[in-house]
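See structure below.
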Amino acid sequence: MSSFQGQMEEYPTISIDRFDRENLKARAYFLSHCHKDHMKGLRAPSLKRRLECSLKVFLYCSPVTKELLLTSPKYRFWEKRVKAIEIETPTQIALVDEASGEKEEVVVTLLPAGHCPGSVMFLFQGSNGTVLYTGDFRLAKGEASRMELLHSGGRVKDIQSVYLDTTFCDPRFYQIPSREECLKGILELVRSWITRSPHHVVWLNCKAAYGYEYLFTNLSEELGVQVHVDKMDMFRNMPDILHHLTTDRNTQVHACRHPKAEEYFQWNKLPCGITSKNKAMLHTISIKPSTMWFGERTRKTNVIARTGESSYRACFSFHSSYSEIKDFLSYICPVNAYPNVIPIGLTVDKVMEFLKPLCRSSQSAEPRYKPLGKLKRTRTILLDSVLEAGNPRTKDC
DNA sequence: GCGATCAGCT
DNA sequence: CACAGCTGATCGC
């Protein structure tokens, strides 16, 4: 759960993913993805009033997030005030104070965050330096190094601060099986069940949130079976998702939901209400996607766990693991990193302790003693930083 | 009637 | 296995 309060030190006149309290005064709003815990205040009467009298205030987000947001009637009043920004397209935005006329320009770039459809990170460049707000993200090891717009002149940009998704920033969550491993595990479980007979069906027990779509599309693609869902109008303009979904209950893979779904399932009933096909009872298993993690040295076990006669848990994560966070942040090597989330059982100070060694300042002072094996590399590091004109970044990052 | 908050549940 | 959000109770306007 994000505890980011909406504002960044460097650019306090913009608000991201929070729309209450201090954020009511923002000159521009940003939404990283369409999850409710990042939309606090976004439909409150106070912000609605602000919008009516401040006609130059806009909400910026990705095209997909705009589509998902405006599909909900509760947020449709934003229609004339949302500006979609293309992914990976640096875009200049004027931050104007409507009372004083004071103006500041920033360039924002949206980078894919891999959290849910439309989810992005925001890279801001302006007079107070370059900062990165990650929103919620899941990026595999090495993905930051493959993002062109994080780079300039062949090296990573000089980033002052990163506002980071630290959901799993705890060595306890050292590794989480990759998206591909998890997908393959679920795919083979579903395949092994539904190929037994046309009466064998699977219920994917997913939460009410965006983020499972790539699971549905991959299963559908691989198995040639559309996934039953309750609603799909939000995807009406996203054919790559839409074509893999159906509201026709006559399919072997279901991701429909109902408040009493667990109770239904015990009575061999799917959330959409069906129990049989052509008068023959269905044979049903449930698969609950949930996060599974492993310590640095603990043996990785199966990405599928059987939890009952007909029930399974399957590994699935919307967020980067500790090692993925380390890889990301140490590659960016900012001056500062601030946690957007405090994992349960940890404190702000503890999370900062984990982030500090991955940032720049901690690398500048050479330790008094170094293992002999590292001495040679130190020389090349010093040379690198001399060659990096005007950039005080130290290259152990 | 609506919103904010919290407990409980998943 | 810990994310995200729903439901329902309660309180205040």
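Order of the sequence lines fixes the chain letters, A, B, ..., with proteins taken first and strands second; residue numbering starts at 1 for each chain.
With salt bridges taken as basic N to acidic carboxylate O contacts below 4.0 Å, one links A/Glu102 and A/Arg27.
No cation-pi contact links A/Arg172 to A/Tyr322, judged by a cut-off of 6.0 Å to the six-membered ring centre and 45° from its axis. A/Phe58 carries A/Lys83 over the face of its six-membered ring, with the cationic atom under 6.0 Å from the centre and within 45° of the normal.
Both A/Phe318 and A/Thr307 lie close to DNA chain C; mapped to their nearest nucleotides by heavy-atom distance, the more 5′-ward contact belongs to A/Thr307.
Across all strands shown, A/Ala44 has heavy atoms under 4.0 Å from sugar-phosphate atoms exclusively, and none from any base. No engagement by A/His258 is indicated, since no non-hydrogen atom pair under 4.0 Å with the nucleic acid exists.
For the pair A/His33 and C/dC3, the criterion of a side-chain N or O lying under 4.0 Å from OP1 or OP2 is not met. Taking only side-chain nitrogens and oxygens, A/His319 comes nearer than 4.0 Å to OP1 or OP2 of C/dA4. For the pair A/Arg43 and B/dG3, the criterion of a side-chain N or O lying under 4.0 Å from OP1 or OP2 is met.
Ranking C/dA2, C/dC6, C/dC3 by closeness to the A/Lys36 side chain, first place goes to C/dC6. Closest approach to the A/Ala208 side chain among C/dA4, C/dA2, C/dG5 is made by C/dG5 (side chain taken as heavy atoms from C-beta onward).
Summarising the geometry, the separation between NZ on A/Lys40 and C1' on B/dG3 is reported as 12 Å, rounded to the nearest angstrom. With rounding to whole Å, A/Asp230 atom CG is found 14 Å from C/dG5 atom C1'. Rounded to an integer number of Å, the gap from NE2 of A/His35 to C1' of C/dG5 is 10 Å. To the nearest angstrom, P of B/dT5 lies 13 Å from CE of A/Met1. Remark: C1' of B/dA4 and CG of A/Asp20 are 11 Å apart, rounded to the nearest angstrom. When the P atom of C/dA2 is taken as reference, atom CH2 of A/Trp293 falls 6 Å away, rounded to whole Å. Between A/Arg138 atom CZ and C/dA2 atom P there is a gap of 15 Å when expressed in whole angstrom units. Between A/Leu42 atom CG and B/dA4 atom C1' there is a gap of 16 Å when expressed in whole angstrom units.
Here A/His254 and A/Trp203 keep their ring centres 6.0 angstrom or further from each other.
A donor-acceptor contact under 3.5 angstrom links the side chains of A/Ser54 and A/Arg50, judged on distance only.
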Check nucleotides 8-13 of chain C for protein N or O atoms closer than 3.5 Å to its own N or O atoms and list the pairs.
none

Each nucleotide N or O in nucleotides 6-10 of chain B that has a protein N or O under 3.5 Å away: list the pair and distance.
| unit_1 | atom_1 | unit_2 | atom_2 | d |
| --- | --- | --- | --- | --- |
| B/dT10 | O3' | A/Glu262 | OE2 | 2.7 |
| B/dT10 | O2 | A/Lys207 | NZ | 3.4 |

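Counting heavy atoms from C-beta outward, A/His319 and A/Ile176 have side chains that stay 4.5 Å or more apart. For the pair A/Phe294/A/Pro177, a side-chain contact is recorded, criterion being any heavy-atom separation below 4.5 Å from C-beta on. Taking the side chain as every heavy atom from C-beta outward, A/Asp20 and A/Lys40 approach each other to under 4.5 Å.
For A/Glu221, the CD atom counts as loosely surrounded, since its 6.0 Å shell holds 12 or fewer non-hydrogen atoms of other residues, nucleotides or ligands. Within 6.0 Å of CZ on A/Arg76 lie more than 12 heavy atoms contributed by other residues, nucleotides or ligands.
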